[in-house]
Participant: 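Starting off with a structure, shown below.
Below, chain A is the first sequence line, B the second, and so on; all start at residue 1.
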There are 2 protein chains.
Amino acid sequence: MQNSEALALTAALLAAAGDLTRRINEGVVARGFEGRPAYGFAFTRLARGGATVTDLAAHLGVTKQAASQLVDEIVRKGYAERRAHPGDARARLVVLTERGVACTRATEEAAADAVAAWVDILGEGEVRALRERLTRIAPYGPIRPAW
Amino acid sequence: MQNSEALALTAALLAAAGDLTRRINEGVVARGFEGRPAYGFAFTRLARGGATVTDLAAHLGVTKQAASQLVDEIVRKGYAERRAHPGDARARLVVLTERGVACTRATEEAAADAVAAWVDILGEGEVRALRERLTRIAPYGPIRPAW
DNA sequence: CCATATAGTCAAGTAGCTTGACCAACCGGC
DNA sequence: GCCGGTTGGTCAAGCTACTTGACTATATGG
């Protein structure tokens, strides 16, 4: 593989990731929620019975201060609330509210819509293969959304 | 395709793009250049006979002010220089210096190295297919590096 | 030759992170 | 028990890479 192709692959990956992220965010907004892309990844973690700020920080690959600020935001917007942690008085359990769950569903729907556009181009099998290969290449490190 | 898979695909894309970008940047640094990921994409545009700030802004998908700041950086670091534009006294042609060309080569080498790790996992054919499909999905919009 | 558009820069503001300092609560060894 | 070290969380300040807005100099079409 030539050097220039490697850079083109990187550009294509970034363009694809950016495109998808943008479409999903637009879909979420169109469904009546305000947010930024990082919310979706935070929600997928919170949806499993809640999480501490530290859990969330690890999941998102940021400092706990940054995670705490994100929690401030989603609490202020009514998507989550901080509760006492059962069994650790230092920690606080961040759980989704009703509206937070609704936003999570909206995000998943928007993601499905965005990917559907890809399925139209590549076909379902190839999109699935794409995901499988990407997962093999970059097995769950923490996520760095960045858009 | 289930909704949750669509989000997983997005996460995988972001993780892969972030991983690749990080590896390339590390490779560039290891070769003795200082920079950030955006440089690589700027250089690929500048390498073709230079470009104006406005060209670069369009290529990178940012405002011309942001592009101008990036040019300030790479000029300060000795990778490029501003020259008079032949035929338009308003415009200035940004061209790579010798060192800028060397850094461009280093970036391409680092990218090739990073992708080589993927070839080890997936095989050359699949990596090529990956790139082909990504290019079909997200045909050159402007690039938003973001890391 | 003038009205409008374009290239570029300067200045200020913003988002989303970081590092550093700190406090309260947990925990293992003695 | 309790005490040193660790961990969960927040507050405060700073930084980076962008943005918007205002402006100047040059180009261009009627």
Side-chain angles (χ1 to χ4, degrees), chain A residues 14 18 21-22 25 29 34-43 45-46 49-77 79-95 141-147, chain B residues 14 18 21-22 25 29 34-43 45-46 50-77 79-95 142-147:
Chain A
L14 284 167
T21 306
R22 185 183 46 76
N25 199 51
V29 170
E34 59 166 344
R36 50 186 175 105
Y39 287 9
F41 297 103
F43 289 171
R45 180 69 190 80
L46 296 180
T52 65
V53 163
T54 302
D55 289 340
L56 203 51
H59 178 72
L60 296 176
V62 298
T63 58
K64 56 186 181 173
Q65 290 91 326
S68 188
Q69 288 171 17
L70 183 67
V71 171
D72 285 345
E73 268 186 53
I74 62 179
V75 165
R76 183 167 9 95
K77 289 180 181 164
Y79 296 141
E81 54 188 26
R82 289 182 165 99
R83 293 195 186 151
H85 193 288
D88 191 340
R90 294 169 305 177
R92 313 182 69 179
L93 200 57
V94 180
V95 295
I143 300 162
R144 307 275 282 119
W147 277 281
Chain B
L14 283 167
T21 307
R22 185 183 46 77
N25 199 50
V29 170
E34 59 167 346
R36 51 187 173 102
Y39 287 8
F41 297 102
F43 289 171
R45 181 68 191 79
L46 296 181
T52 65
V53 164
T54 301
D55 289 340
L56 203 52
H59 180 72
L60 296 175
V62 297
T63 59
K64 56 184 181 174
Q65 291 91 329
S68 188
Q69 287 170 18
L70 183 67
V71 170
D72 285 345
E73 268 186 53
I74 62 179
V75 166
R76 184 168 6 98
K77 289 179 181 163
Y79 296 140
E81 54 188 26
R82 289 183 166 97
R83 292 196 187 150
H85 191 289
D88 191 338
R90 296 170 303 175
R92 314 183 68 177
L93 201 56
V94 181
V95 295
I143 300 161
R144 308 275 282 120
W147 275 280

Participant: Rounded to the nearest angstrom, tell me the gap between atom NZ in K77(A) and atom P in dA15(C).
Facilitator: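 That distance rounds to 10 Å.
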Participant: How close or far is atom P of dA15(C) from atom CD of E73(A), stated in whole angstroms?
Facilitator: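 Distance, rounded to whole Å: 9 Å.
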Participant: Using a cut-off of under 3.5 Å, enumerate the N/O to N/O pairs linking the protein to nucleotides 20-24 of chain D.
Facilitator:
{"unit_1": "dG21(D)", "atom_1": "O6", "unit_2": "Q65(B)", "atom_2": "NE2", "d": "2.6"}

Participant: Just by protein heavy atoms under 4.0 Å, how would nucleotides 23-28 of chain C read 5' to 3' in B, S and -?
Facilitator: -BBS--
Participant: Testing the basics here: between V62(B) and A67(B), what is the closest heavy-atom pair and its distance to 0.1 Å?
Facilitator: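 Of all heavy-atom pairs spanning V62(B) and A67(B), the closest is CG2-N, 4.0 Å.
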Participant: Specify the separation, in whole Å, of atom CG of L56(B) and atom P of dA17(D).
Facilitator: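 Those two atoms, CG and P, are 15 Å apart.
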Participant: When the distance from CG of N25(B) to P of dA17(D) is rounded to whole Å, what number comes out?
Facilitator: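 One finds 11 Å between P of dA17(D) and CG of N25(B), rounded.
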Participant: So, OP1 or OP2 of dT7(D): does either fall under 4.0 Å of a side-chain N or O from T54(A)?
Facilitator: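 Looking at the OP1 and OP2 atoms of dT7(D), neither is under 4.0 Å from any side-chain N or O of T54(A).
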Participant: My understanding is that only residues two or more places apart in sequence, or in another chain, count here; which of them pass salt bridge (charged side-chain N to carboxylate O under 4.0 Å, His left out) with R83(B)?
Facilitator: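 Per chain and number, R83(B) pairs via salt bridge (charged side-chain N to carboxylate O under 4.0 Å, His left out) with E81(B).
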Participant: Please give me the minimum heavy-atom distance between A80(A) and V94(A), naming the atom from each residue.
Facilitator: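 Looking at all heavy atoms of both residues, the closest pair is CB-CG1, 4.0 Å.
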Participant: Between D72(B) (CG) and dC18(D) (P), how many Å, whole number?
Facilitator: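 The answer, rounded to whole Å, is 13 Å.
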Participant: Rounding to a whole Å, what distance do you find between L93(B):CG and dT6(C):C1'?
Facilitator: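 From L93(B) CG to dT6(C) C1': 17 Å.
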Participant: Let me know the distance between CG of L70(A) and C1' of dA15(C), rounded to the nearest Å.
Facilitator: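 Those two atoms, CG and C1', are 12 Å apart.
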Participant: Can you tell me which residue pairs pass the salt bridge (Lys or Arg N to Asp or Glu O under 4.0 Å) test with a partner in residues 50-59 of chain B, sequence neighbours excluded?
Facilitator: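 The answer is R45(B)-D55(B).
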Participant: Can I get a per-line list of side-chain donor-acceptor pairs under 3.5 Å for residues 69-77 of chain A, giving both atom names and the distance, sequence neighbours left out?
Facilitator:
{"unit_1": "D72(A)", "atom_1": "OD1", "unit_2": "R82(A)", "atom_2": "NH1", "d": "3.1"}
{"unit_1": "D72(A)", "atom_1": "OD1", "unit_2": "R82(A)", "atom_2": "NH2", "d": "3.0"}
{"unit_1": "E73(A)", "atom_1": "OE1", "unit_2": "R36(A)", "atom_2": "NE", "d": "3.3"}
{"unit_1": "E73(A)", "atom_1": "OE1", "unit_2": "Y39(A)", "atom_2": "OH", "d": "2.6"}
{"unit_1": "E73(A)", "atom_1": "OE2", "unit_2": "R36(A)", "atom_2": "NH2", "d": "2.9"}
{"unit_1": "K77(A)", "atom_1": "NZ", "unit_2": "Y39(A)", "atom_2": "OH", "d": "2.8"}

Participant: Choose from dG8(C), dT18(C), dG9(D) the nucleotide whose nearest atom is closest to any side-chain atom of V53(A).
Facilitator: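 Ranking dG8(C), dT18(C), dG9(D) by closest atom to the V53(A) side chain puts dG9(D) first.
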Participant: Kindly write out the residues that satisfy salt bridge (charged side-chain N to carboxylate O under 4.0 Å, His left out) with R92(B), not counting sequence neighbours, or none if the list is empty.
Facilitator: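 R92(B) satisfies salt bridge (charged side-chain N to carboxylate O under 4.0 Å, His left out) with no residue once adjacent residues are dropped.
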Participant: Among all residues two or more places apart in sequence or in another chain, which pass the side chain to side chain donor-acceptor pair (under 3.5 Å) test with R22(A)?
Facilitator: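 Partners of R22(A) by the side chain to side chain donor-acceptor pair (under 3.5 Å) criterion, ordered by chain and then number, come out as D19(A), E26(A).
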Participant: Answer yes or no: does a side-chain N or O of S68(A) lie under 4.0 Å from OP1 or OP2 of dT10(D)?
Facilitator: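 Yes, within the criterion.
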Participant: Taking salt bridge (Lys or Arg N to Asp or Glu O under 4.0 Å) as the cut-off, I'd like each qualifying pair that reaches into residues 57-70 of chain B, sequence neighbours left out, listed once.
Facilitator: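 Of all non-adjacent pairs touching residues 57-70 of chain B, none passes salt bridge (Lys or Arg N to Asp or Glu O under 4.0 Å).
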Participant: To the nearest 0.5 angstrom, please state how far the CZ atom of F41(B) sits from the CG atom of L56(B).
Facilitator: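 Here the rounded value is 12.5 Å.
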Participant: Using whole Å, report how far NE2 of H85(B) lies from P of dT6(C).
Facilitator: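 It is 16 Å, rounded to the nearest whole Å.
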Participant: Output yes when at least one side-chain N/O atom of R36(A) is less than 4.0 Å from OP1 or OP2 of dA15(C), else no.
Facilitator: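 Answer is no, no contact under 4.0 Å.
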